[in-house]
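Notes for the one structure printed next.
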Amino acid sequence: MRRKLIAANWKMHKTPDEARAFVRDFAPLVANQNRDDIALFPPFISIPATIEAVAGTRIGVGAQNMHWEKQGAFTGEISAAMLICIGCSHVIIGHSERRQYFLETDVAVNRKLRGALEDGLLAIVCVGELFEERESGLTEGVLRRQVGAALREISGQDVDKFCIAYEPVWAIGTGKTATPQIASDAHAFIRAEAAKEIGDEAASKLRILYGGSVKPENAHDLMSQEQIDGALVGGASLDPKSFAAIVKW
Ligand code: PGA
């Protein structure tokens, strides 16, 4: 049985004060929820406030990005080692917004995953096709390329230290959700592609999250799919009640 992870990607939202206020309202709502793992991903500057606020709960805190080197002349970057030393446990790698707006490549995603594993952050590696790619029948080719590149030289022994998030770009922030069937098919395909890199046994343990307009109204249908091992939630994770409702799917 793969344990699900329900993750809140706050993107460029929430100051430290706003992050504290979120946790104050959210934590009591999910205090009795032990079924799935829960993690919050604030912007870098709000990570310490969030970590302080979740103390004593089982909510994990992570970053939305990292650099693969431990330190060096990389203006504007933050390393996995730095995140760990302030108490971060998770990191998102290769989100489609980073690929689209900040030109992050498949090679960079692989380096970041290797860096996260080396330093001990639980990584969520994002993959997913654009609308035009799906329309032109290129979905499988895109997922094959992204998964193959991300998992290059990654050992199956590390499978419990990372997840993949399938986030079709056409479903992110658009209100258009992949149907449970579309998501399940993509997840099964991703698992088969992952098996080529990390082996069948490890791939059967790999957690594959779904992301793209997950909301309280569709969380149950998506999360009850055998192939869907959690959710990466953007917009609907900004409100404590709405994210708590998703956690309680
Ligand atoms: P969304 O974002 O839930 O607002 O669609 C998901 C994500 O980008 O991780």
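Whatever order the structure lists ligands and atoms in, that order sets their numbers, starting from 1.
Between Y166 and H187, the ring planes lie perpendicular to each other; the angle is over 60°, past the 30° to 60° tilted range. F243 and F22 have tilted rings, their planes meeting at an angle from 30° to 60° on a 0 to 90° scale.
The nearest protein atom to atom 7 (C) of ligand 1, hydrogens excluded, is given as E167 OE2, 3.2 Å; this is a heavy-atom distance. The protein heavy-atom contact nearest to atom 4 (O) of ligand 1 is G235 N, 2.8 Å.
For ligand 1, the atoms lying closer than 4.0 Å to a non-hydrogen atom of S213 are 1 (P), 3 (O), 5 (O). Counting the atoms of ligand 1 from 1 in the order shown, those under 4.0 Å from a heavy atom of G173 are 1 (P), 4 (O), 5 (O).
At least one heavy atom of A171 sits less than 4.0 Å from an atom of ligand 1. At least one heavy atom of K11 sits closer than 4.0 Å to an atom of ligand 1. Using 4.0 Å as the threshold, G212 has a heavy atom nearer than that to some atom of ligand 1. No heavy atom of A236 sits closer than 4.0 Å to any atom of ligand 1.
For a threshold of 3.5 Å applied to N or O pairs, the pair formed by G234 and ligand 1 contains at least one separation below that value. Polar contact with ligand 1: present for H95 (N/O pair, distance under 3.5 Å).
In terms of heavy atoms, A53 sits closest to V23 at O-CG1, 3.5 Å. The heavy-atom pair separating I93 from A116 by the smallest distance is CD1-CB, 4.1 Å. In plain terms, the two heavy atoms of V30 and I59 that are nearest each other are CG2-CD1, 4.3 Å.
Side chain to side chain, S79 and Q71 fail the donor-acceptor criterion of an N or O pair below 3.5 Å.
Taking hydrophobic clusters as Ile, Leu, Val, Met, Phe, Trp and Tyr residues chained together by side-chain heavy-atom distances below 4.5 Å, I92 does not share a cluster with L40.
Neither the backbone nor the side chain of C126 comes within contact range of ligand 1; no heavy atom lies under 4.0 Å. At a heavy-atom distance under 4.0 Å, atoms from both the backbone and the side chain of I172 approach ligand 1.
Side-chain N or O atoms of R35 include one that pairs as donor or acceptor with a backbone N or O of V247 at under 3.5 Å.
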